[in-house]
A.B. asks: 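Following this message is one structure expressed as structure tokens.
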Amino acid sequence: MNRLPRRRSPKFTSKRSQSSTANWLVDKLEPRLLLAGDAGQEIGFAWDASGIEVQAIGDTGQEILEVIYNEERISYFRVSDQWETYQINVDYTSIDPSLLRIHFVNDFYDPAQGIDRNVQLGSVTIGDQVLDSNAADVFSTGTWLPEDGVVSGQGRGSVLNTNGYLQYGTPTGSALIVYARGDEGGEKMNVLAGSFRSDSISLTTEMTAYKFYLNTDLKPNSVRVEFINDLYRPDQGIDYNLVVDRIEIDGVVHQTEDPSTFAQGVYRNGSITSGNWQTERLEGRGHFQFSANEYTSERYTLDDSIASSGVSIITPERPFEVAHAITSQDESAVGWNQYFWGESGEYQKIIQVQLFDENGSALQSFNNGEPVELIQAAKQFLNNDSLKSTQFSLQNLEVDSQDRLLARLQVFNHDGYFRSYSNVLVRLTENGQLDASFGDGGFVQASLGGISSRASMSMDSQGRILLGNDVTIARYNADGTADNNFGINGATNIPTPQEPYFYSAESQILTRPDNSIVVLWGFPSNESTNAGWLIQLNEDGSTGTWFGDEGFANIPHQQFSEYSSYGERFERVVLDDEGRITVLGTQVLLRFTIDGQIDSSFGDGGRLILPSSIVTDGALLFDNTAGTFDVDNQGRYIVSYLNGVARITPDGQLDTSFSTDGISGHNPDEIGSLQPYSLKEWDFDSNGDVRTLAQNDDGFGIAYWQLV
């Protein structure tokens, strides 16, 4: 087929990094049974019809298209640089063209490499009806035209120059218009409306109407306009500010100056703040939330029906080393340390573990409700009276499928010249006694070799225990014996990429449901352009060459601005129910597919940049580098801030159903004397509520949170 004429974009906007879209391997997906909506003309065809056929051509042969029907993805595929027809077999009895969208999802422009991704759609055939992509009623969100650039509208042609979609037939629902400009030109905004989120829109200094047609009936409290690239460089005369005059929903005007509009990113009294300021200008990164007084959200609050002020105190001490796990009975297993001066005048230490029921009381069936002290028992097992209690530290606490508690203690040794570390695994039965079926009377001594103190522990679905540092991974059977089916004699060296400017660093181990292993490894020097590595091991300890590039997936450094340095560190990783891997760095989340490729369906091309500081719920939150990173049973991510928590949707957006900006601050009026900065070691129970280890004026204990 002859190639049709193409429109070309002048590429005046910046493009995403190539690393976020490279090395794609995409297969067509089997569609799910969906039903057509009531709106628009429905076109019926027989069960043995050919389904949907899409004609398309790409400029580079690397373009990716998604086919969306009724807000659900039914297929996605790579487009050739020649005209081809892509068939999607569906089992619909009817198709509503107004619910059909073809998305271009991996736009990329790099003139230095001669790369410019664009895609053109030909006809789309549904059964025996042919839809023309150039028709006047075809709606586009990603077409560039010389007269107005990239704006949304009907009849803009069949080419997608940027990430966006063609929608066939007249959209039903609401028409949204946002009137906005920048002070400098180059400011960028996102528009959120219900479940819709626009790609970033580059603004000029002229007030412009940006139009969106959505398949839903919008209310103003579901609309938010975000300012995402604030820049203030007085030395260069640069001051980015976003001005939003108003929005219109189906012709009804809602002003940003309305008292009900919440504004975050307003400069007042010498600082960036938030509130109902009745302004149309944002001087800092933030957003306008319309009709915020009608906005309802979820959040975690302390559940004072469980314990006094929602906190069950364990000890008046302030321990440095703590660990937390929830058993299959939703009971809290807690480990902590305490320092004290002994009778000999030496500084001493004890490490204790205890089990608490769902009501915050010490479980009487576990050691008669008393904590179990681990150091003295471990010293007896090691038969080394010269060891001091301060040479022991608590590193991990895990609970297996039989509610047995497994603690990892690390022992530090120093002979005057060299230091070394070894690990002692201690397992207790559900009643708090040493488990005689594990190792030697409940103990296993594990030495990973080397002098590194960095180690982690995990369990797989068979109850086997994996222990690793930055060099070696060892696996033990559930009875504590070395698993000789893993590596050589139960251990294997972590395969490392042939990458200069990289150092060994703490490895975090995840086990998949199939008992294969994902390792988060490495710490870059300033010369490295990578920020870390994900390494895949098969169940037997061999390298999983199907993952990433021969078993290695590099975590690209995230350049947040032209002034940032190579300082991003990725030290936490979670696995969701679909097998995707998400890593959290200093300021960014990155998600990888099950086979180790950047997942472009997440956030902005695979990543979500979190605010390093934010004013929300009347509180200033900052520092998301410590605390919990987890994923709940609905695929939503939880990230701790210093005195708050962020929730991220499964597709990588700050969850506006959680709070107005997706981040909830802990209001001092709600948490009483609880010290917000002490919240750590979050765990989800079976209801999706969370337990945290925390401190208040009375000491250290468990905080019980409910989602309301």
A.B. asks: Please say whether the positively charged group of Arg268, taken as NZ for Lys or CZ for Arg, lies over the ring of Trp277, i.e. under 6.0 angstrom from the six-membered ring centre and within 45 degrees of the axis.
C.D. replies: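 Verdict for Trp277: a cation-pi partner in Arg268.
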
A.B. asks: Backbone N or O of Ile663 within a donor-acceptor pair of the Asp661 side chain at under 3.5 Å?
C.D. replies: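 Checking the backbone N and O of Ile663 against the side chain of Asp661, a donor-acceptor pair under 3.5 Å is found.
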
A.B. asks: Indicate whether the side chain of Tyr704 and that of Ser305 have a donor and an acceptor atom separated by less than 3.5 Å.
C.D. replies: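 The criterion, which ignores hydrogens and geometry beyond distance, is not satisfied for Ser305 and Tyr704.
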
A.B. asks: Please determine if Arg181 and Asp183 form a salt bridge, counting it only when a charged side-chain N lies under 4.0 Å from a carboxylate O.
C.D. replies: yes

A.B. asks: How far apart are the C-alpha atoms of Trp705 and Thr692, what are their side-chain angles, what is the distance that settles it, and do they pass the side-chain hydrogen bond (donor to acceptor under 3.5 Å, both in side chains) test?
C.D. replies: CA-CA 8 Å; Trp705 302 83; Thr692 73; 3.2 Å; yes

A.B. asks: Does a side-chain heavy-atom distance below 4.5 Å link Arg580 with Asp599?
C.D. replies: yes

A.B. asks: Determine the sole option in Asp245, Val191, Thr208 for which the side-chain contact (heavy atoms from CB on, under 4.5 Å) test with Val178 is passed.
C.D. replies: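 Of all the options given, the one that passes is Val191.
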
A.B. asks: Heavy-atom count around Asn269 CG within 6.0 Å, excluding the residue itself: above 12?
C.D. replies: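 No, CG of Asn269 has 12 or fewer neighbouring heavy atoms, counting only those of other groups under 6.0 Å.
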
A.B. asks: How about Phe262 and His287: do any of their side-chain heavy atoms sit closer than 4.5 Å?
C.D. replies: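 Answer yes - side chains close enough.
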
A.B. asks: Would you call the rings of Tyr637 and Phe629 parallel, tilted or perpendicular, taking 30° and 60° as the class edges?
C.D. replies: parallel

A.B. asks: Does the side chain of Glu248 reach to within under 4.5 Å of the side chain of Leu176, using non-hydrogen atoms?
C.D. replies: no

A.B. asks: State whether a side-chain donor-acceptor pair under 3.5 Å links Thr162 with Trp144.
C.D. replies: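 Thr162 vs Trp144: no donor-acceptor pair found between side chains.
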
A.B. asks: For a 4.5 angstrom cut-off between non-hydrogen side-chain atoms, does Arg572 reach Leu584?
C.D. replies: yes

A.B. asks: Test side chain to side chain contact (heavy atoms under 4.5 Å, CB included) on Ser659 and Arg299 and set out the steps.
C.D. replies: CA-CA 7 Å; Ser659 70; Arg299 63 189 57 232; 4.0 Å; yes

A.B. asks: According to ring-ring contact (aromatic ring centres under 6.0 Å, His included), who are the partners of His254, at least two apart in sequence or on a separate chain?
C.D. replies: none

A.B. asks: For Arg647, check salt bridge (charged side-chain N to carboxylate O under 4.0 Å, His left out) against everything at least two apart and list the hits.
C.D. replies: Glu298, Asp655

A.B. asks: Would you say Asn229's side chain and Gly186's backbone share a donor-acceptor pair under 3.5 angstrom?
C.D. replies: yes

A.B. asks: Determine the minimum heavy-atom distance between Leu575 and Val631, stating which atoms define it.
C.D. replies: O-CG1, 3.7 Å

A.B. asks: Do Asp258 and Thr256 pass the side chain to side chain contact (heavy atoms under 4.5 Å, CB included) test, and can you show the C-alpha distance, the side-chain angles, and the key distance before you say yes or no?
C.D. replies: CA-CA 5 Å; Asp258 286 343; Thr256 49; over 6 Å; no

A.B. asks: Is the cationic atom of Arg101 (NZ for Lys, CZ for Arg) positioned less than 6.0 Å from the six-membered ring centroid of Tyr165 and within 45 degrees of its normal?
C.D. replies: yes

A.B. asks: Return the CD1 to CG distance between Ile609 and Asp604, rounded to the nearest 0.5 Å.
C.D. replies: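 Answer for the CD1-CG pair, Ile609 versus Asp604, is 7.5 Å.
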
A.B. asks: Check whether any side-chain heavy atom of Ile648 sits under 4.5 Å from a side-chain heavy atom of Val639, and report yes or no.
C.D. replies: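 They are in contact (side-chain heavy atoms under 4.5 Å apart), so the answer is yes.
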
A.B. asks: Can you name the nearest heavy-atom pair linking Ser332 to Ile326, along with the distance?
C.D. replies: OG-CG1, 4.4 Å

A.B. asks: Output yes when a side-chain donor or acceptor of Ser312 lies under 3.5 Å from a complementary backbone atom of Gly701, and no otherwise.
C.D. replies: no

A.B. asks: Return the CD to CD1 distance between Glu184 and Ile238, rounded to the nearest 0.5 Å.
C.D. replies: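 The distance works out to 6.5 Å.
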
A.B. asks: Work out which heavy atom in Asp230 is nearest to a heavy atom in Tyr240; give both atom names and the distance.
C.D. replies: OD1-O, 3.1 Å

A.B. asks: Phe227 and Lys188: which non-hydrogen atoms are nearest, and at how many Å?
C.D. replies: CD1-O, 3.6 Å

A.B. asks: Evaluate the side-chain proximity of Leu203 to Ile201: yes if any heavy-atom separation is below 4.5 Å, no if none is.
C.D. replies: yes

A.B. asks: Side chain to side chain contact (heavy atoms under 4.5 Å, CB included) between Val266 and Leu282: does it pass, once the steps are laid out?
C.D. replies: CA-CA 5 Å; Val266 179; Leu282 298 183; 4.0 Å; yes

A.B. asks: Measuring from Ile68:CD1 to Ser75:OG, what's the distance to the nearest 0.5 Å?
C.D. replies: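 Reported value, rounded in 0.5 Å steps: 9.5 Å.
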
A.B. asks: Could you tell me whether the side chain of Ser664 reaches within less than 4.5 Å of the side chain of Tyr300, counting heavy atoms only?
C.D. replies: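 Of all side-chain heavy-atom pairs linking Ser664 with Tyr300, none is under 4.5 Å.
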
A.B. asks: Going by atom types only, do Asn106 and Ser600 share a side-chain donor-acceptor pair under 3.5 Å?
C.D. replies: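 Side-chain D/A pair, Asn106 to Ser600: absent.
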
A.B. asks: What is the minimum heavy-atom distance between Pro259 and Asn276, and which atoms define it?
C.D. replies: O-ND2, 3.0 Å

A.B. asks: Identify the two heavy atoms, one from Arg607 and one from Leu590, that lie closest to each other, and give their separation to 0.1 Å.
C.D. replies: CB-CD2, 3.2 Å

A.B. asks: Is Glu187 reaching over with its side chain to a backbone N or O of Leu242, donor-acceptor style, under 3.5 angstrom?
C.D. replies: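 Side chain of Glu187 to backbone of Leu242: no pair is present.
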
A.B. asks: Check whether any side-chain N or O of Thr141 sits under 3.5 Å from a backbone N or O of Gly164 as a donor-acceptor pair, and report yes or no.
C.D. replies: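 Looks like no, no N/O pair under 3.5 Å.
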
A.B. asks: Rounded to the nearest 0.5 Å, how far apart are CG of Asp576 and CZ of Arg591?
C.D. replies: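 CZ of Arg591 is found 6.0 Å from CG of Asp576.
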
A.B. asks: Can you tell me if Glu147 uses its side chain to pair, donor with acceptor, with the backbone of Leu145 under 3.5 Å?
C.D. replies: no

A.B. asks: To the closest 0.5 Å, what do you measure between OG (Ser133) and CG (Leu121)?
C.D. replies: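 Going from the OG atom of Ser133 to the CG atom of Leu121 covers 4.5 Å.
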
A.B. asks: Rounded to the nearest 0.5 Å, how far does CD of Gln255 lie from CD1 of Ile247?
C.D. replies: 10.0 Å

A.B. asks: Strictly below 4.0 Å, N to O, side chains only: are Asp148 and Arg156 in salt-bridge contact?
C.D. replies: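 Salt bridge flag = yes for Arg156 with Asp148.
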
A.B. asks: Do Arg73 and Tyr76 form a cation-pi contact, if we require the NZ or CZ to be under 6.0 Å from the six-membered ring centre and within 45 degrees of the ring's axis?
C.D. replies: yes

A.B. asks: So do the side chains of Asp107 and Val119 get within less than 4.5 Å of each other, counting heavy atoms only?
C.D. replies: no

